[in-house]
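Take a look at the structure set out below.
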Amino acid sequence: MPEPSYVTIFMAWPYVNAPLHLGHVAGNCLPADIQYRYERARGRKVLMCSGSDEHGTPITLTAEQLGVTPQEVVDEYHEMALKSLTDLGCSWHINVDSRGVEYGGALYNRTSDHRHKELVREVFSNLLASNMLTKQTMEQYCSISGDSVRFLPDRYVEGTCPVCGAAEARGDQCDECGSTYEAHELLNPVSKLNPDAEIEVRETDHLFYRLDLFQESLEEHAATRNVVWKPNVRSMTKNWLDMGLRPRAVTRDIDWGIELPLDGDEWSSKRVYVWFEAVQGYYTCARIWSERFANSNGHPDGDSAWENWWKVSDDGTIPKHIYFMGKDNIPFHTVIWPAIIMGMNSTASGNPVSSIPAPGDLALEYNVSSNEYLMLQGGQFSKSRKHAVWLPSFLEKYDADSLRYYLSINMPETHDTDFRWNEFVDRVNNELIGTYGNFVHRVMTLTHRLPESGSNPLVDYDDPEFHADIIDESMKILESAISSMERQRFKEALRSIMGIAQIGNVLLQNAAPWKYINSDDSEERRESLSSLAMAWRLCRTLSVLTRPFMPFQSDRLWGMLGEDSDIDSVLWDESLATDNALNWCPDSPQPLFSRLDLDEIIADEMSLVEDGNINDPDHSPGDGADYIEFEDFLKVQMKTGKITSVDDHPNADKLLVIKIEDGPGTTRTVCAGLKGIYDESDLLGLNVVYVANLEPRKLRGVLSEGMILAADDGDGIVRLLTPDGEITPGSTVR
RNA sequence: AACGGGUUGGAGUAGUCAGGUUAUCUCGUCGGGCUCAUAACCCGGAGAUCGGUGGUUCAAAUCCACCACCCGUUACCA
């Protein structure tokens with residue numbers, strides 16, 4: 001079978017009721033973009049599809065709380081998501097490939113798109129017509145307050161467990177004893193949304209997708225994919241298939257969502273269930289891309305252009321579909337979505353359900369690449385506990401490429417990994433800047449010290465054949481990186497590529513061109529400078545190879561190399577070619593990255609560190625798990641002091657610089673994260689308690705000699721601890 | 001609780017499905033070199049009884065059983 005040149009990259013649709021956080025980035029946003037850019041760099045025709053998933057129940061709750069419509073909520077977060085993805089260097093805003101529309105492009109769409117809704121209704125009707133949807137009656141809680149009747153999802157109902165009598169059992173299952181039961185069995189049901197409302201159980205009809213019809217085909221399909229799936233995908237899928245598939249509801253009682261293509265009052269209050277609809281976005285997005293961009297940009301197939309990326313061609317070539325998502329989404333992509341695709345194929349062709357798409361059928365996935373979770377300082381990202389690093393605010397302060405590097409090299413490919421600020425700083429400073437950025441910078445500055453007259457001074461010394469060993473070694477690395485990328489092994493690939501910078505550093509070390517910059521012509525000088533020329537070529541290689549991972553610096557380097565061609569048209573396979581001329585940019589070279597300062601970052605992220613580590617109720621002592629020794633307690637010296645001056649920290653948003661009289665005639669300076677909580681006038685003259693023997697630390701440039709004690713309830717209320725009356729500054733607290 | 005995943009030198013990791021020479025790579029650390037470069041670069045060393053116990057095998061990080069700890073999921077949650 002010929003190698004498919006059509007590749008489609010699918011990123012799981014972010015659920016937009018909050019900004020994106022770094023967990024989303026590491027889990028699917030970044031891998032999808034890296035793979036997309038990689039596939040382009042291999043010369044393939046790539047379409048990338050995703051968008052905002054906008055029809056979940058929590059969005060309606062957010063809207064109610066804010067007093068706005070759900071549409072307003074998703075409008076805001078959709079724009080925010082698209083902007084932060086663009087700021088991160090993801091390719092979503094480039095709808096048409098720079099090589100030409102026949103090479104594809106990208107579309108970050110949204111499920112409230114009218115065309116998405118139309119296409120979903122079309123699929124819905126087709127599946128209904130071929131008896132793949134079946135009507136079942138189910139019992140469902142609803143809350144009644146006044147005239148309004150509202151169906152409630154089980155998770156929004158709680159009551160007394162009919163089995164063990166525990167309170168706060170959920171609508172369908174008791175967390176205490178683990179029993180599951182039918183909706184009507186729960187005792188004293190109460191709505192969590194509106195505790196005063198009367199609750200009763202009513203019958204309601206819904207349509208169900210006959211997943212059971214696909215059991216066998218899905219098992220066959222899984223068997224063919226087991227060789228490419230990672231172990232977590234294999235086992236999660238097997239688990240689902242082994243449990244046996246049952247029909248699954250595709251409609252629900254709610255008014256936020258896609259209306260059903262059905263007549264009759266019975267259906268008018270129901271909507272397409274979001275799992276069934278959002279996942280179809282992969283398909284609708286490709287079609288919508290064609291309609292909006294392919295035709296108008298002259299794609300020969302016009303509105304049907306999407307078929308190149310979705311349908312099995314007449315010669316049996318299957319477009320390669322790669323999906324990226326977090327581990328929570330695996331069964332949706334290995335079981336449910338393939339079942340829907342098989343259903344659509346069978347419906348369209350009239351053929352029986354099959355795991356092997358025929359020419360003209362929609363393709364099933366090639367690989368489902370699922371990452372585990374990125375944890376934050378050891379804990380899970382959590383919206384409700386505000387334990388998260390939000391992408392928009394991160395990108396306001398830090399370089400997108402640095403983040404992309406750290407998350408790529410630390411990607412949770414096979415198990416959970418941690419985002420830690422100190423590790424972020426270490427890896428960026430030592431690996432990214434020390435090895436790679438520094439290599440590029442030394443090549444650039446060395447070359448710029450040579451006498452030049454408008455062209456690259458290394459041209460006279462350029463002799464790549466003399467460095468065949470370097471090229472060989474680099475070629476091996478390139479091949480290994482390609483092999484890694486073909487299997488979605490990003491860490492491995494990036495580490496390989498960084499190896500080329502290391503080769504370059506060794507090359508320079510051995511050639512020592514700095515000795516010959518200003519010396520007279522000699523055999524040694526010519527040899528040394530030919531190594532520098534080779535190093536220059538390696539910089540060009542690196543600019544191409546690092547591009548999928550760190551696009552912004554790649555552009556900057558490309559510019560410093562004096563290259564004015566479109567870097568996206570340079571293939572990885574040609575990145576080590578030596579037949580191109582050395583170009584030149586006369587501007588003096590700038591470092592690719594700036595070093596990070598951990599102290600500054602900690603000062604900036606202070607609230608976050610506190611939320612995560614100190615005030616986390618799940619980790620506070622008191623449950624007996626985390627006792628400290630009395631001797632340890634004695635190590636902490638706490639004293640009283642009187643605040644004598646308060647100034648805004650010149651270089652921090654949350655810090656105040658506070659001077660404390662800490663003894664007779666002596667003062668010390670302490671930085672405290674109290675800005676916005678206390679005013680200067682509140683604090684002056686106040687007696688406070690502080691930790692006196694904390695190691696002094698610079699916070700954003702100001703030395704802080706201690707820490708003022710304050711109570712924080714985690715909900716934004718912060719109160720300083722003060723002695724109950726006047727007392728001499730410097731008094732011991734114990 | 002059930003189910004799924006994890007536990008590898010100081011930290012982070014690869015290898016585990018298809019058992020087999022001195023267990024991978026990055027960081028850190030120690031010693032040396034270089035001094036062009038963003039205190040960066042290069043070379044070398046030390047450091048792991050692969051969570052525990054038992055089993056299968058000529059051979060186990062890898063397969064099996066049990067135990068401990070960590071994480072996640074349990075489907076109207078996206």
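Only this structure's heavy atoms are used, side chains among them; waters, hydrogens and symmetry mates stay out. To find a chain, count down the sequence lines: A is the first, B the second, and so on, and within it residues start at 1.
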Please find out if less than 6.0 Å separates the ring center of A:Tyr282 from that of A:His333.
yes

Rounding to an integer number of angstrom, what distance separates B:G52 and B:U8 when you compare their C1' atoms?
14 Å

Nucleotide nearest A:Glu423 when distance is taken to its side chain, options B:C76, B:C42, B:G12
B:G12

Distance under 6.0 Å and angle within 45° of ring axis: A:Arg110 vs A:Trp13
no

Sticking with atom C1', work out how far B:U7 lies from B:C67, rounded to a whole angstrom.
14 Å

Among B:C41, B:U38, B:G28, the one nearest A:Asn505 by side-chain distance:
B:C41

Is it the case that B:A40 (base atoms only) and A:Asn438 (side chain only) share a donor and an acceptor within less than 3.5 Å, ignoring hydrogens and angles?
no

Atom CG of A:Asn329 and atom P of B:G72: how far apart are they, to the nearest Å?
17 Å

With respect to the phosphate group of B:A40, does any side-chain polar atom (N or O) of A:Gln502 fall under 4.0 Å of OP1 or OP2?
no

Base, sugar-phosphate alone, or nothing: which one does A:Phe593 contact when heavy atoms must sit under 4.0 Å apart?
base

Measure from the side chain of A:Gln509, starting at C-beta and using heavy atoms only, and say which of B:G28, B:G12, B:C42 lies closest.
B:C42

Nearest to the side chain of A:Asn410 - B:U35, B:U38, B:G12?
B:G12

Complementary nucleotide for B:G47 - Watson-Crick or wobble, under 3.5 Å:
none

Could you measure between the two P atoms, the one in B:U13 and the one in B:G32, and give it in whole Å?
33 Å

Is the A:His55 ring parallel, tilted or perpendicular to the A:Trp256 ring (thresholds 30°, 60°)?
perpendicular

Whole-Å distance, A:Met444 CE to B:C41 P, equals 18 Å

For A:Ser594, report the nucleic acid contact type (base, sugar-phosphate, nothing); a contact means any heavy atom under 4.0 Å.
nothing

Pair assignment for B:A2, Watson-Crick or G-U wobble, requiring both distances under 3.5 Å:
B:U73

Nearest-angstrom distance from the residue atom CD1 of A:Ile477 to C1' of B:C25:
13 Å

Sugar-phosphate only, base, or nothing, as touched by A:Glu492 at under 4.0 Å among non-hydrogen atoms
nothing

Nearest to the A:Arg495 side chain among B:C71, B:C25, B:C43, which nucleotide is it?
B:C25

Of all the nucleotides listed (B:C42, B:G12, B:U13), which has the minimum atom distance to the side chain of A:Lys491?
B:U13

Let me know the distance between CD of A:Glu431 and C1' of B:A11, rounded to the nearest Å.
12 Å

If you check the A:Arg489 side chain, which of B:A14, B:A37, B:C27 turns out closest?
B:A14

For A:Glu76, all residues meeting side chain to side chain contact (heavy atoms under 4.5 Å, CB included), sequence neighbours excluded
A:Met80

Any side-chain donor-acceptor pair under 3.5 Å between A:Gln488 and A:Ser369?
no

For A:Glu372 and B:A14, what is the distance between atoms CD and P respectively, to the nearest whole Å?
11 Å

In whole angstrom, give me the gap between the P atoms of B:U62 and B:C70.
23 Å

Grab the CG-P distance between A:Leu374 and B:G72 for me, whole Å please.
13 Å

Just call it for A:Ile517: base, sugar-phosphate, or nothing, with non-hydrogen atoms closer than 4.0 Å on any strand.
nothing

Start at the 5' end of RNA chain B and walk down; is the nucleotide closest to A:His206 or to A:Asp416 reached first?
A:Asp416

In the structure shown, which nucleotide is the Watson-Crick or G-U wobble counterpart of B:A14, with both distances under 3.5 Å?
none

For A:Asn505 and A:Arg442, does a side-chain donor sit closer than 3.5 Å to a side-chain acceptor?
yes

Would you indicate what A:Arg248 reaches in the nucleic acid, counting non-hydrogen atoms under 4.0 angstrom: base, sugar-phosphate, or nothing?
base

For B:U24, the Watson-Crick or wobble partner whose two distances fall under 3.5 Å:
none

Does any nucleotide pair with B:U7 by Watson-Crick or G-U wobble geometry, both distances under 3.5 Å, and what is it?
B:A68

How far, in whole Å, is B:A75 from B:G15 if one measures between their P atoms?
32 Å

Go through the steps for A:Lys270 and A:Asp253 under the test salt bridge (Lys or Arg N to Asp or Glu O under 4.0 Å), then give the verdict.
CA-CA 5 Å; A:Lys270 300 177 196 292; A:Asp253 294 289; 2.7 Å; yes

Taking only N and O in the side chain of A:Asn429, is any of them less than 4.0 Å away from OP1 or OP2 of B:A40?
no

Are the aromatic ring centres of A:Trp514 and A:Tyr516 under 6.0 angstrom apart?
no

How far does the C1' atom of B:G28 sit from the matching atom of B:G47, given to the nearest Å?
12 Å

In whole angstrom, give me the gap between the C1' atoms of B:A23 and B:U49.
13 Å

Can you work out whether A:Arg595 or A:Asn510 has the more 5'-proximal nearest nucleotide on RNA chain B?
A:Arg595

P atoms of B:C71 and B:C76, separation to the nearest Å
25 Å

